[in-house]
2 protein chains.
Amino acid sequence: MAAARTRASTRSGARLTVSDWIEAGFALIAEEGLRAVKIDRLCGRLGVTKGSFYWHFSDIQGYMDALAAAWAADHRQSRASLEALRELPPAERLTSMMRHLTSSRQWTLERAVREWARRDPSVAAEVRSADRVIFREVRRAFLDAGFPAAEARVRARACFAAGIGFIHLADRAPGAADAREHQRFLQIMVARQ
Amino acid sequence: MAAARTRASTRSGARLTVSDWIEAGFALIAEEGLRAVKIDRLCGRLGVTKGSFYWHFSDIQGYMDALAAAWAADHRQSRASLEALRELPPAERLTSMMRHLTSSRQWTLERAVREWARRDPSVAAEVRSADRVIFREVRRAFLDAGFPAAEARVRARACFAAGIGFIHLADRAPGAADAREHQRFLQIMVARQ
DNA sequence: ACCTGAACACCGTTCAAGT
DNA sequence: ACCTGAACACCGTTCAAGT
């Protein structure tokens, strides 16, 4: 009787929306990776049966496309808050970006999407375009720190690569120790010697 | 009693080899496209059961990798016969290449591999590298026909694109009429006006 | 060494019926 | 409009047993 109400859903007890399904997909990816995204698993998480899935989406391909589109939209969205960081001093700005990338919500998702991009060129294109935006901000931080263009470019590239490397090398959510290490690394990179 | 011997196999009545499976895969792709490549279909074609497949390959991914590698090896192989065409006059050389591309064995296979490349970046890399080899030969034909470098490049690109376009637009095996059309097209392209 | 035969698990898809 | 429940089809994988 009460069991049927056991929803992990965010919205009260109401019927599901497309974004509930998308959110469940991201959660699954973040927790168990891309290959965990199966209709059955989504249904279990949302407390509904497969029929419900097929009411909202035509098929699993349609759902995956919607997931990828939502990821890209999220990134465009956070572009604004990324730009808002510009008022911080460069070193703190970099730390803040790195912290976001390696946050427990992000890191697995980010890694999964990059893995997905290896198989799906349209996802790959979205990753590339998102990367470009972020790289520009990283480079800007180094320019603001007073480095000449060429030097800023080199350092930005290294930082960017390191960030991606961190999430690929991680096998569990980065902890406080990792965060300190990242911060130290950025400190070194941004130091004008 | 005799039914069990009904093999489409090339090798007498002997046990299967890896290349029998690869060949069956290409045949399936050529006839029905990439998505027809299923273990069951391969088994049906070779007159064996699934257990046999798993004796030769670890899993379906391993098989697909082997297929892609075999395709690339084939292309490297035919590089020699491509270079042998250099003794022909340019126009005939181009006609010969086009005929090969649109031959009934090739065209569906070629198209399927290009479709596959859209999903699998390692296949994509192999397609690109094979394309480079062929493009050089096409360009060489135009150089040999007496065009200056820039002009040869432009014409070669157009011919190459047209060839790829032909196999993508085709919905059945190109016939004699198509062949005449292709030849006429190449004639125009190679004409020094 | 190579293959059969049968079972299994997983998972996408459909659809009549419910509220 | 949204979902249940049950069935179905497809297909990859395993494995003990055969020759």
Side-chain angles (χ1 to χ4, degrees), chain A residues 1-25 27-29 31-68 112 116 119-120, chain B residues 1-25 27-29 31-68 112 116 119-120:
Chain A
M1 199 177 185
R5 289 268 126 184
T6 315
R7 290 239 173 103
S9 170
T10 41
R11 306 179 68 95
S12 53
R15 257 66 190 282
L16 296 178
T17 68
V18 164
S19 46
D20 288 324
W21 288 94
I22 297 298
E23 204 175 312
L28 263 181
I29 290 177
E31 289 162 20
E32 304 177 49
L34 233 206
R35 64 200 70 189
V37 181
K38 303 287 170 188
I39 299 176
D40 261 338
R41 299 296 313 278
L42 292 166
C43 289
R45 179 173 270 273
L46 292 170
V48 292
T49 57
K50 286 174 165 183
S52 175
F53 175 90
Y54 282 94
W55 196 89
H56 292 285
F57 304 95
S58 64
D59 54 22
I60 228 261
Q61 189 55 52
Y63 176 73
M64 294 307 281
D65 289 351
L67 251 193
W116 186 5
R119 302 188 325 221
D120 186 331
Chain B
M1 197 177 189
R5 290 266 125 184
T6 316
R7 290 237 175 106
S9 169
T10 41
R11 307 179 68 93
S12 53
R15 258 63 191 285
L16 296 179
T17 68
V18 165
S19 47
D20 288 324
W21 289 94
I22 297 298
E23 204 174 313
L28 263 180
I29 290 177
E31 290 162 19
E32 303 178 50
L34 233 204
R35 66 200 70 191
V37 181
K38 303 288 170 187
I39 298 176
D40 261 337
R41 299 296 313 279
L42 291 166
C43 289
R45 179 173 272 272
L46 292 170
V48 292
T49 56
K50 286 175 166 183
S52 175
F53 175 90
Y54 282 95
W55 195 89
H56 292 284
F57 304 95
S58 63
D59 54 21
I60 228 258
Q61 188 57 51
Y63 176 73
M64 295 306 282
D65 290 351
L67 251 193
W116 186 3
R119 301 187 327 220
D120 187 329

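Letters go in sequence order (proteins before strands), and every chain restarts at 1.
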Practice task
Send over the distance from A/L42 CG to C/dC11 P, rounded to a whole Å.
Solution key: 11 Å
Practice task
Figure out the CH2/P separation between B/W55 and C/dG5, and round it to whole Å.
Solution key: 19 Å
Practice task
Ignoring backbone atoms, test whether B/H56 places a side-chain nitrogen or oxygen under 4.0 Å from the OP1 or OP2 oxygen of C/dC3.
Solution key: yes
Problem - Minimum-distance nucleotide (side-chain atoms of B/S52 versus C/dC3, D/dC2, C/dC11) - result: C/dC3
Problem - Side-chain donor/acceptor contact of A/K50 with base of C/dG12 under 3.5 Å - result: yes
Problem - N-O pairing of B/E31 and B/R41 below 4.0 Å - result: no
Fill in the blank from the handout: Ranking D/dC11, C/dT4, C/dC11 by distance to the side chain of B/D40, first place goes to D/dC11
Exercise for the section: May I ask you to decide if the ring planes of A/W21 and A/F53 are parallel, tilted or perpendicular, using 30° and 60° as cut-offs? Expected result: perpendicular
Handout entry: For atom CE of B/M64 and atom P of D/dC11, their distance in whole Å
Key = 13 Å
Handout entry: Opposite nucleotide pairing with D/dT4, Watson-Crick or G-U, both atom distances under 3.5 Å
Key = C/dA16
Practice task
Compare the minimum distances between each of D/dT13, D/dA1, C/dG12 and the side chain of A/I39, then state the nucleotide with the smallest one.
Solution key: C/dG12
Problem - Nearest-Å distance for atom pair CD1/P, residues B/I60 and D/dT14 - result: 13 Å
Handout entry: Atom pair distance, as rounded to whole Å: OH in A/Y63 and P in C/dC11
Key = 15 Å
Problem - Residue B/K38, side-chain atoms from C-beta onward, closest of C/dC3, D/dC3, D/dG12 - result: D/dG12
Practice task
Between D/dC3, D/dT4, C/dA1, spot the one nearest the side chain of A/T49, thanks.
Solution key: D/dT4
Handout entry: Side-chain donor/acceptor of A/Y63 to backbone N/O of A/I39, under 3.5 Å
Key = no
Practice task
State which residue, out of B/I29, B/L34, B/L28, fulfils the side chain to side chain contact (heavy atoms under 4.5 Å, CB included) condition with B/E32.
Solution key: B/L28
Exercise for the section: Take atom CH2 of B/W21 and atom C1' of C/dC2, then tell me their distance rounded to the nearest Å. Expected result: 11 Å
Problem - Pairing partner (Watson-Crick or G-U wobble, both distances under 3.5 angstrom) of D/dC11 - result: none
Fill in the blank from the handout: Closest of C/dC11, D/dA1, D/dG12 to the B/Y54 side chain is D/dG12
Exercise for the section: Please report, rounded to the nearest Å, how far the C1' atom of C/dC2 is from the CG atom of B/L46. Expected result: 14 Å
Practice task
Could you check which of D/dA1, C/dC3, D/dC11 has an atom nearest any side-chain atom of B/L16?
Solution key: C/dC3
Problem - Rounded interatomic separation in angstrom, taking CD from A/Q61 and C1' from C/dG12 - result: 12 Å
Practice task
Compare every heavy atom of A/H56 with every heavy atom of A/L16, then report the nearest pair and how far apart it is.
Solution key: O-CE1, 3.1 Å
